[in-house]
K.L.:
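Have a look at this one before I ask anything.
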Amino acid sequence: MSLKFRVLCLHRESLNVADMDADTITHTEAPVEEGEPYFTSLDLFLFSLIVGIIIYYFMPLSICALTEHTCGKNIIVFYGSQTGTAEEFANRLSKDAQRYGMKGMAADPEEYDMGELSRLSEIENSLAIFCMATYGEGDPTDNAQDFYDWLQENDDEDLSKLNYTVFALGNKTYEHYNAMGKYVDKRLAELGATRIFDLGLGDDDGNLEEDFVSWREQFWPAVCEHFGVEASGDESSIRQYELQEHTDINMNKVFTGEFSRLKSFEIQKPPFDSKNPFLAPVTVNRKLNKAGDRHLMHLELDITGSKIRLDTLYESGDHVAVFPTNDSALVNKLGQILGVDLDVVISLNNLDEESNKKHPFPCPTSYRTALTHYLDITHPPRTNVLYELAQYASDPKHQETLRKMASSSPEGKALYQNWVLDACRNILAILEDMPSLRPPIDHLCELLPRLQARYYSIASSSKVHPNSIHICAVVVEYTTKTGRLNKGVATNWLKNKLVTDNGHKSTVPMYIRKSQFRLPFKATSPVIMIGPGTGIAPFMGFIQERGWLKEQGKEVGETVLYFGCRHKNEDYIYQEELEEAEKNNVLTQLNVAFSRDQEHKIYVQHLLKNNKENIWKLVHSENAHIYICGDARNMAKDVQTALHEIAEELGGMTRTQATDYIKKLMTKGRYSQDVWS
């Protein structure tokens, strides 16, 4: 049966999935008589019918035709998002469309059949916008992987009638800056699509918000010119959701922090992923550093029974994603300053009934749960949030300041940079510093972005620790220019995850994200690992795995580590484990840079230069694999520069040749980075 015919024959309204998820149905049945068949023909027919309907309903929209789900929308904004920013920008662009007499919607490419992209031209004045973030080493985000594969594999696709534009999100400190956005822009043009506005490049190392606002400011006039439409001139706030308060509701139908299925934290069912994390008990939480004013910590999560422990699902170099919650003190302060009862149960319902996104976060839920589990209340708000909130300031000066910061004027941009970003003001700080600004909490909840999972390089090997995953992290705390103490959401939450808390086991919602950061296929290949600070995390897994291979009688190549910290007697983390590995010849070289134990600072790149002959022999003659983990802005660049200089000096190369040499190592998979900025 064709998809369209099936859609006509079977209406989704015939099955209420919300009710199915929320209700717990119990049956009391009479005992079956001996010899009586367990199922009659009618039972089997009804069972088959129910299964068929359920499979239909839960079948992902990736098999659904795009045109059947755009429902009259002519601006479709696809997003490839790993941390939520690209999705946020997509929502803003789809909302903008209303001001130009057009209808927009944000769309996750994972939920649609992108093979139907060419059919968007059947809709009058249609435009596909792509907000594409780059992840890792120039890779697509998880939700854009299938779209990326489709673009690569379909050379014969005719997109000559498709209008499109791309805004890319990246970070200049990374080698493959905005690679995904650039690829989508180039590939769509190769397939014949019409680019109606230039590719936008957003740099998160600079000011991503400013890059987006500047691009958007020029983009919409180009849309007006291309389609012959005009802006309505109405700059008033446009609400996307309406508030519904639940005064009499079965609390079993209320979300309390789950991400998709009600009671999923009470009744755990695999597979575990971003929408269905596994609740892993914390079995170890210890401080790693001996002294100093920082708190470096080692946690172990028990994954027994989760099916994550299988080698195919958890490998050295993978990342563990954890879902933190906001500090209850911040949540309570927001409730107090806005004068609301945080325990009121509400739903925010999409005013566009045809939209696939019914709510901005799981509903029904309480304001307290939304602000604790679902919404980001600690990052500085973006300019669109300030613009929407301005109307609620009773002081004209506060209104003017908020609108100015949301404008594209040089003065407004500078004010936003200084007053919001440089001062690290979150939404609570803004409300405290603008006493006349008291927005309705439901609108604030609509505007705030979703609280995202945090990713950590796994600091263990499943060969040695099949039932646990280890995390190494440093607690983030700093004082802002306004004198406030800001705390990192995830690291402070993890710090407080005691093994037992009031007699109960502490748990961490988590899942595994696969990585390309892998040990060589051949155990005999030498490895050079460079990871100062908590950048040592994946290398603890690598070292454990190489040790395990040796125990199995396998021949293992040289295993070389370059680690760095501030002081030997303060933050030389995992010192005992590393020295034991060196003693057992699992680590053939252990090189440690103590940056502040002498007058002149010494970093890992200095040790590389000191050992240049050995480095060059391993890389050039013995095909060693190089791994770098840690800070992207400074350390990773300095290490790469040191390797360029070694190639120049010992390989007799020019700087250009040395640069190309390292790039070829990257292409061959012999130079891998797991870095952050």
Side-chain angles (χ1 to χ4, degrees), residues 136 142 268-274 276-286 288 297-323 453-473 494 497 499 505-525 527 529 531 534-557 559 561 573-574 576-578 580-581 584 586-587 625 627-629 669 672-674:
D142 293 347
Q268 293 257 275
K269 296 177 183 177
F272 299 107
D273 53 27
S274 60
N276 181 39
F278 176 69
L279 285 185
V282 177
T283 55
V284 174
N285 185 348
R286 62 184 173 94
L288 287 170
M297 57 190 172
H298 172 90
L299 285 91
E300 297 183 12
L301 308 180
D302 182 3
I303 56 170
T304 305
S306 67
K307 297 191 177 179
I308 294 171
R309 68 183 194 86
L310 300 176
D311 291 348
T312 53
L313 295 178
Y314 151 37
E315 297 179 70
S316 301
D318 280 345
H319 298 136
V320 57
V322 303
F323 293 85
R454 286 359 187 222
Y455 301 95
Y456 296 94
S457 301
I458 295 175
S460 56
S461 165
S462 60
K463 301 287 195 301
V464 181
H465 299 283
N467 294 314
S468 69
I469 282 173
H470 300 181
I471 294 174
C472 170
L494 285 171
K497 285 287 178 182
V499 175
K505 283 186 177 180
S506 290
T507 57
V508 170
M510 51 75 70
Y511 73 97
I512 301 300
R513 187 174 69 180
K514 306 304 286 180
S515 166
Q516 300 301 316
F517 202 71
R518 289 277 181 269
L519 278 168
F521 180 73
K522 291 182 179 178
T524 52
S525 298
V527 298
M529 305 172 291
T534 56
I536 197 174
F539 303 138
M540 294 306 294
F542 282 13
I543 292 164
Q544 289 171 15
E545 189 143 328
R546 301 279 272 195
W548 179 84
L549 288 167
K550 285 178 79 78
E551 287 176 1
Q552 305 305 305
K554 301 283 177 64
E555 184 183 348
V556 177
T559 305
L561 175 66
I573 60 177
Y574 298 115
E576 293 80 10
E577 292 94 324
L578 295 176
E580 182 70 17
N584 295 333
V586 173
L587 269 179
H625 289 236
Y627 299 90
I628 300 166
C629 183
S672 302
Q673 298 185 96
D674 183 358

K.L.:
Take M529 and I543 through the test side-chain contact (heavy atoms from CB on, under 4.5 Å) and record every step on the way to the result.
P.N.:
CA-CA 10 Å; M529 305 172 291; I543 292 164; 3.8 Å; yes

K.L.:
Between CD1 of I469 and CD1 of I512, what distance do you get to the nearest 0.5 Å?
P.N.:
3.0 Å

K.L.:
Going by the rule salt bridge (charged side-chain N to carboxylate O under 4.0 Å, His left out), which residues pair with E551 if we only count those two or more places apart in sequence or in a different chain?
P.N.:
none

K.L.:
Output, in order, the C-alpha distance, side-chain angles, deciding distance and verdict of side-chain contact (heavy atoms from CB on, under 4.5 Å) for V322 and I471.
P.N.:
CA-CA 10 Å; V322 303; I471 294 174; 4.2 Å; yes

K.L.:
Taking all non-hydrogen atoms of both residues, which atom of P520 and which atom of S525 are closest, and how far apart?
P.N.:
CB-CB, 3.8 Å

K.L.:
Kindly give the heavy-atom pair with the smallest separation between G541 and S316, and that separation in Å.
P.N.:
O-OG, 3.6 Å

K.L.:
Between L578 and M540, is any pair of side-chain heavy atoms under 4.5 Å apart?
P.N.:
yes

K.L.:
Has R546 got a side-chain atom pairing as donor or acceptor with G557's backbone, closer than 3.5 angstrom?
P.N.:
yes

K.L.:
Is the backbone of M297 close enough, under 3.5 Å, to the side chain of N285 for a donor and an acceptor to pair up by distance?
P.N.:
no

K.L.:
Would one find more than 12 heavy atoms of other residues, nucleotides or ligands at under 6.0 Å from atom CD of Q268?
P.N.:
yes

K.L.:
Is it the case that atom CD in Q552 sees more than 12 heavy atoms from other parts of the structure closer than 6.0 Å?
P.N.:
yes

K.L.:
How far apart are the C-alpha atoms of T534 and Y456, what are their side-chain angles, what is the distance that settles it, and do they pass the side-chain hydrogen bond (donor to acceptor under 3.5 Å, both in side chains) test?
P.N.:
CA-CA 10 Å; T534 56; Y456 296 94; over 6 Å; no

K.L.:
Would you say D273's side chain and Y511's backbone share a donor-acceptor pair under 3.5 angstrom?
P.N.:
no

K.L.:
Starting at CD of E577, measure out to CG of L587 and round the result to the nearest 0.5 Å.
P.N.:
11.5 Å

K.L.:
Using the test ring-ring contact (aromatic ring centres under 6.0 Å, His included), find all partners of Y574 that sit at least two apart in sequence or belong to another chain.
P.N.:
H298

K.L.:
Is I536 close to L561 at the side-chain level, that is, under 4.5 Å between some pair of heavy atoms?
P.N.:
yes

K.L.:
Heavy atoms, side chains only, cut-off 4.5 Å: are L494 and V282 in contact?
P.N.:
no

K.L.:
Counting heavy atoms not belonging to K550, are there more than 12 under 6.0 Å from its NZ?
P.N.:
yes

K.L.:
P466 and I303: which non-hydrogen atoms are nearest, and at how many Å?
P.N.:
O-CD1, 3.9 Å

K.L.:
Per the side-chain contact (heavy atoms from CB on, under 4.5 Å) rule, which among K497, H470, M510 passes with L301?
P.N.:
M510

K.L.:
Within the side chain of Q544, is there an N or O that forms a donor-acceptor pair under 3.5 Å with the backbone of S461?
P.N.:
yes

K.L.:
Between CG of L519 and OG1 of T559, what distance do you get to the nearest 0.5 Å?
P.N.:
8.0 Å

K.L.:
For the side chain to side chain donor-acceptor pair (under 3.5 Å) test, which of S462, S306, S460, S468 pairs with Y314?
P.N.:
S460

K.L.:
For the atom pair CD (Q673) and CD1 (I628), what is the distance rounded to the nearest 0.5 Å?
P.N.:
4.5 Å

K.L.:
Can you name the nearest heavy-atom pair linking T507 to P281, along with the distance?
P.N.:
CG2-CA, 4.0 Å

K.L.:
Considering all heavy atoms of both residues, which atom of I573 and which atom of C472 are nearest to each other, and what is their separation?
P.N.:
CD1-SG, 3.9 Å

K.L.:
Do any N or O atoms from the side chain of D674 and from the backbone of G317 form a donor-acceptor pair under 3.5 angstrom?
P.N.:
no

K.L.:
Holding to salt bridge (charged side-chain N to carboxylate O under 4.0 Å, His left out), I want the full list of residues that pass it with R518, two or more places apart in sequence or in another chain.
P.N.:
E315, D318

K.L.:
What heavy-atom pair brings F278 and T304 nearest, and what distance separates the two atoms?
P.N.:
CZ-O, 4.1 Å

K.L.:
Roughly how far, to the nearest 0.5 Å, is the SG atom of C629 from the CZ atom of F542?
P.N.:
9.0 Å

K.L.:
Which class fits the ring pair F539 and F517: parallel under 30°, tilted 30 to 60°, perpendicular over 60°?
P.N.:
tilted

